[in-house]
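Each chain gets a letter, A, B and so on, in the order its sequence line appears, and its residues count up from 1.
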There are 2 protein chains.
Amino acid sequence: MSPASVKKRISESTIHRLSLYYRTLSLLEKENYETVSSKELAKREKLTPAQVRKDLSFFGSFGTRGLGYNVNELKKKIETILGINREWRVALIGVGNIGSALVSYKEFAKQGFDIVKLFDNDQRKIGSNHKGIIVSDIKNLEKEIQEANISMVILAVPATVAQYIVDDVVKAGVTAILNFAPINLRVPPYVHLRNENMAMELEYLSFAMVNNHSPKKTK
Amino acid sequence: MSPASVKKRISESTIHRLSLYYRTLSLLEKENYETVSSKELAKREKLTPAQVRKDLSFFGSFGTRGLGYNVNELKKKIETILGINREWRVALIGVGNIGSALVSYKEFAKQGFDIVKLFDNDQRKIGSNHKGIIVSDIKNLEKEIQEANISMVILAVPATVAQYIVDDVVKAGVTAILNFAPINLRVPPYVHLRNENMAMELEYLSFAMVNNHSPKKTK
DNA sequence: TACTTCTTGTGAACCATTTCACATGGCTTC
DNA sequence: GAAGCCATGTGAAATGGTTCACAAGAAGTA
Ligand SMILES: NC(=O)c1ccc[n+]([C@@H]2O[C@H](COP(=O)([O-])OP(=O)(O)OC[C@H]3O[C@@H](n4cnc5c(N)ncnc54)[C@H](O)[C@@H]3O)[C@@H](O)[C@H]2O)c1
Ligand SMILES: NC(=O)c1ccc[n+]([C@@H]2O[C@H](COP(=O)([O-])OP(=O)(O)OC[C@H]3O[C@@H](n4cnc5c(N)ncnc54)[C@H](O)[C@@H]3O)[C@@H](O)[C@H]2O)c1
């Protein structure tokens, strides 16, 4: 048993798998499963039961020997671990092709990621209404981010301007950024940055095809 | 020296890093760099020089001792390794929010990923024109995929129908799929499947914020 | 209560990836 | 053409992640 207070380095893979478990547990809940074993969970994710148990064991012991895990209980535990048992106030910057798609996506809000602010620099877009949110002028970024109590930013602007905007976003006090621009952004060490890079996934597929690379897992 | 013919298990991380090197080499080329050292490349990717050299060494020896790598030459080598020195004919299924964004994205074509077919089942979308491509009826999927010589599919349909469509796509002979639906798809072992899951990245950020998790690298 | 069955939680073993460290060899200068 | 410099390429060591294997606990049965 390792309580949450004990600092241990949790690997990126473990966190990603927790996301997968979470999604599957939501499904199992809908299918009215009461309990689930590491074996069953593993089967659904194409992992080993030991992997599932080890992942969970980093955060505590949530199961019952001989029985498995209570679906609803484990789901709530993972929500707490991932920090999605709360609202995250998110701003989206760059209401273009990909930005608009993301605003329309309702699943984010269901998981606690509430897009409450939109920013752009295009006069035709500023003031327009997207899913009930009025697009703000990027000029007011710092002020409005602070007023709206934003803690995460989704960045969907052209790569050429991404670094400038990130600098402003960091100045405004935001410490978590999901970036869609295909560029290496510089941020201070205390800022959490993730890059979403679709071209990279296509390139991986291309490599796999050319080399007949048998994949072990799908990310 | 390990020639391309020698089969060796290359890790997913290595392939992803090759994508990063590729992007940086393209930039360096524009900045008129003639050569680049593993040190410089590593600095730009926030990796170690040894990591860069080891990654490349799996595929051959492309550098010159004392000098570094020729930028243009290495870029071409990586293009060959990744299999992006050719055209991939891609079909996109589901011309909704995210699908439309992807069709408009010109960078894919620049890297050899040519979206040449669109499919949907919505009568209002079938027959409409997106960036010069007429949306086809999903009913004709198999026939049109084969006629158009498609080898990759981008799937941007609701999770509820994704498995049915994947089954048809596989039947049509496609062996590479990039899936945006948040669901575990079943495919035969010879089909390459990658999942793009944005919620997972937000959840990672959430975890990192809550746990003050210092990231080592950004994916 | 004793016995069987089932599945967790976890050190230890195993395997993969990253980093180290240095011999090697090309390039330049004198 | 010898010497010095520099950065590659790569075995070996170190680190990190996954799987094994089993003790132990919970539930059901008799
Ligand atoms: N569209 C895709 O499918 C796709 C796929 C992968 C990556 N991306 C990346 O995502 C980013 C956005 O792509 P897109 O296709 O949505 O582009 P887009 O041009 O449609 O949208 C960019 C938006 O950013 C806004 N913008 C530009 N400069 C700005 C500034 N200084 N401040 C505020 N807003 C500004 C523009 O007005 C526009 O609304 C790009 O970096 C692109 O490379 C897009
Ligand atoms: N929009 C986003 O930002 C976003 C983010 C992450 C993941 N996703 C995922 O991407 C997928 C698409 O999302 P979206 O927001 O673009 O949804 P959407 O509803 O806008 O688009 C889905 C498209 O698929 C088409 N479709 C539905 N059933 C079909 C069928 N049987 N055959 C062919 N076409 C069919 C619809 O007509 C529609 O055009 C979903 O699985 C969603 O969960 C979307």
Whole angstroms only, please: what is the NE2-C1' distance between H16(B) and dA16(C)? 16 Å

Answer with yes or no whether the side chains of E45(A) and N184(B) bring together a donor and an acceptor at under 3.5 Å. yes

Check whether any side-chain nitrogen or oxygen of S38(A) sits under 4.0 Å from OP1 or OP2 of dT8(C), and answer yes or no. yes

By nearest atom, which of the nucleotides dT19(C), dT7(C), dG9(C) is closest to the Y69(A) side chain? dG9(C)

Closest nucleotide among dT7(C), dG11(D), dG9(C) to the S57(A) side chain: dG9(C)

Find out whether L82(B) and S19(B) are in side-chain contact, i.e. whether some heavy atom of one side chain is under 4.5 Å from a heavy atom of the other. yes

I'd like to know if K77(B) pairs up with E73(B) as an ion pair, taking the criterion as any Lys NZ or Arg NE/NH1/NH2 lying under 4.0 Å from an Asp or Glu carboxylate oxygen. no

Minimum-distance nucleotide to A50(B) side chain [options: dC20(C), dT7(C), dG17(D)]: dC20(C)

Of S37(B) and T14(A), the one whose closest nucleotide on DNA chain D sits nearer the 5' end is S37(B)

Please confirm whether any donor atom in the side chain of R65(A) sits under 3.5 Å from an acceptor in the base of dT7(C), or the reverse. no

Interatomic distance where NZ belongs to K54(A) and C1' belongs to dC15(C) [whole Å]: 14 Å

Quick check on side-chain contact (heavy atoms from CB on, under 4.5 Å): which of V103(A), L102(A), V90(A), L92(A) does F108(A) satisfy it with? L102(A)

Mapping F62(B) and T64(A) to their closest nucleotides on DNA chain D, which lands nearer the 5' end? F62(B)

Considering only NZ, NE, NH1 and NH2 on the basic side and carboxylate oxygens on the acidic side, decide whether R23(B) and E203(A) come within less than 4.0 Å. no

Rounded to whole angstroms, how far apart are CZ on F58(A) and P on dG11(C)? 11 Å

Closest to the Q51(A) side chain: dT17(C), dT18(D), dT8(C)? dT18(D)

K39(A) NZ to dT8(C) C1', in whole Å, measures 14 Å

Send over the distance from L56(B) CG to dT8(D) C1', rounded to a whole Å. 10 Å

d(CG, N70(A); P, dA26(D)) in whole Å: 16 Å

Given dT19(D), dT8(C), dT18(C), which nucleotide is nearest the side-chain atoms of T48(A)? dT19(D)

If I take atom CG in residue D55(B) and atom P in nucleotide dG9(D), what distance separates them, rounded to the nearest angstrom? 12 Å

Using atom NZ of K43(A) as one end and atom P of dT7(C) as the other, report the distance to the nearest whole Å. 13 Å

Using OP1 and OP2 only, check whether a side-chain N or O of R9(B) sits under 4.0 Å from dC15(C). no

Quick check on dG9(C): is either OP1 or OP2 less than 4.0 Å from any side-chain nitrogen or oxygen of R53(A)? no

